[in-house]
Undergrad: 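Please read through the structure below; I'll follow up with questions.
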Amino acid sequence: MLITNNSGRTGILLLLVLWCSGCGGGLDEDLPETVAVNGVVTYQGKPVPDASIMFYPLQGRKPATGRTDPQGKFTLRTFEKADGAIPGAHQVTVNAYESTPEGVSMKSAIPIKYSSPTTTPLKITVSESNPEIKLELTD
């Protein structure tokens with residue numbers, strides 16, 4: 001009887017997993033449109049590698065994120081890989097930390113003002129006509 005009981009539980013669990021795997025269908029249709037966005041981040045004229053970029057829409061929707069490569073280049077994503085950002089005005093933050101022989105330190109490699117949506121001077125309008133963004137950071 002114990003074997004039958006476990007088999008029944010396993011069967012119910014399997015049915016629940018299969019049923020839930022179909023849950024949430026049609027969500028892609030409810031997502032707002034995005035615009036492909038690529039760019040480069042420089043500080044004092046030099047590329048900023050391994051920086052975290054966030055575009056916060058002023059309309060309060062989901063932010064877009066990206067990470068720079070060794071040349072400071074990035075591609076944004078909001079809902080899926082490389083889909084870009086929601087069109088409109090954004091506050092932009094950049095976070096980058098100094099590398100040391102021991103690894104990454106907690107010391108910012110760029111001015112700290114760029115790390116928060118409330119202090120960043122970076123404001124970008126995302127649109128089809130502005131897919132290439134240059135973020136030139138200064139002191």
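Both backbone and side-chain heavy atoms feed into the values below; hydrogens, waters and symmetry mates do not.
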Undergrad: What heavy-atom pair brings Gly88 and His90 nearest, and what distance separates the two atoms?
TA: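 Gly88 and His90 have their closest heavy atoms at O-ND1, 2.8 Å.
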Undergrad: OG1 of Thr100 to NZ of Lys107: how many Å apart, nearest 0.5 Å?
TA: 11.5 Å
Undergrad: Is it the case that over 12 heavy atoms from other parts of the model lie below 6.0 angstrom from the NZ atom of Lys113?
TA: yes
Undergrad: If you look at every heavy atom in Leu76 and Ala85, which pair is closest and at what distance?
TA: CD1-CB, 4.1 Å
Undergrad: Indicate yes or no: at least one non-hydrogen side-chain atom of Val126 is less than 4.5 angstrom from one of Phe55.
TA: yes
Undergrad: So if you build clusters from Ile, Leu, Val, Met, Phe, Trp, Tyr with side-chain heavy-atom gaps below 4.5 Å, do Leu122 and Val41 land together?
TA: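 Yes: a chain of side-chain contacts under 4.5 Å links Leu122 to Val41.
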Undergrad: Does Met54 share a hydrophobic cluster with Tyr114, counting links as ILVMFWY side-chain heavy atoms below 4.5 Å and allowing steps through other members?
TA: no
Undergrad: Is it the case that the side chain of Thr68 and the backbone of Ala51 share a donor-acceptor pair, with hydrogens and angles ignored and the cut-off at 3.5 Å?
TA: yes
Undergrad: Side-chain heavy atoms under 4.5 angstrom apart, residues restricted to Ile, Leu, Val, Met, Phe, Trp, Tyr: same cluster for Ile124 and Ile86?
TA: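 As far as the 4.5 Å side-chain criterion goes, Ile86 and Ile124 are not connected within one cluster.
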Undergrad: Testing the basics here: between Ala64 and Gly84, what is the closest heavy-atom pair and its distance to 0.1 Å?
TA: CB-O, 3.7 Å
Undergrad: Run the numbers on Thr93 and Ser115 for side-chain contact (heavy atoms from CB on, under 4.5 Å), then give the verdict.
TA: CA-CA 5 Å; Thr93 62; Ser115 68; 5.9 Å; no
Undergrad: Return the minimal non-hydrogen interatomic distance between Thr118 and Ser116, and the atom names on each side.
TA: OG1-OG, 2.9 Å
Undergrad: For residues Asp83 and Arg77, report the shortest heavy-atom separation together with the two atoms involved.
TA: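 Asp83 and Arg77 have their closest heavy atoms at OD1-CA, 3.2 Å.
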Undergrad: Counting only heavy atoms not in Glu98, do more than 12 sit closer than 6.0 Å to its CD atom?
TA: yes
Undergrad: Side chains of Asn38 and Thr75: do they bring a donor and an acceptor to under 3.5 Å?
TA: yes
Undergrad: Applying side-chain contact (heavy atoms from CB on, under 4.5 Å), run through Leu135 and Ile53 and close with a yes or a no.
TA: CA-CA 10 Å; Leu135 300 175; Ile53 316 298; 4.3 Å; yes
Undergrad: Where do Ala96 and Val48 come nearest, in terms of heavy atoms and distance?
TA: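 Here Ala96 and Val48 meet closest at CB-CG1, 3.6 Å.
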Undergrad: Can you find a pair of side-chain heavy atoms, one from Leu137 and one from Thr42, that are under 4.5 Å apart?
TA: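 With C-beta onward as the side chain, the pair stays apart.
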Undergrad: Kindly compute the distance separating CZ (Arg61) from CG (Leu31), expressed to the nearest 0.5 Å.
TA: 9.0 Å
Undergrad: Under the criterion side-chain contact (heavy atoms from CB on, under 4.5 Å), I'd like the reasoning laid out for Ile133 against Val40: C-alpha separation, chi angles, the key distance, then a yes or no.
TA: CA-CA 7 Å; Ile133 306 290; Val40 64; over 6 Å; no
Undergrad: As a quick check of understanding, evaluate side-chain contact (heavy atoms from CB on, under 4.5 Å) for Tyr97 and Asp50, giving each step before the final call.
TA: CA-CA 8 Å; Tyr97 298 96; Asp50 203 30; over 6 Å; no
Undergrad: Please report the interatomic distance CZ(Arg67) to CZ(Phe74), rounded to the nearest 0.5 Å.
TA: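 Answer rounded to 0.5 Å: 13.0 Å.
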Undergrad: Can you list every side-chain hydrogen bond (donor to acceptor under 3.5 Å, both in side chains) pair that touches residues 129-139, not counting sequence neighbours?
TA: Tyr43-Asp139, Gln44-Asp139, Ser127-Ser129
Undergrad: Do Gln91 side-chain atoms and Pro117 backbone N/O form a donor-acceptor pair below 3.5 Å?
TA: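 Checked: pair present.
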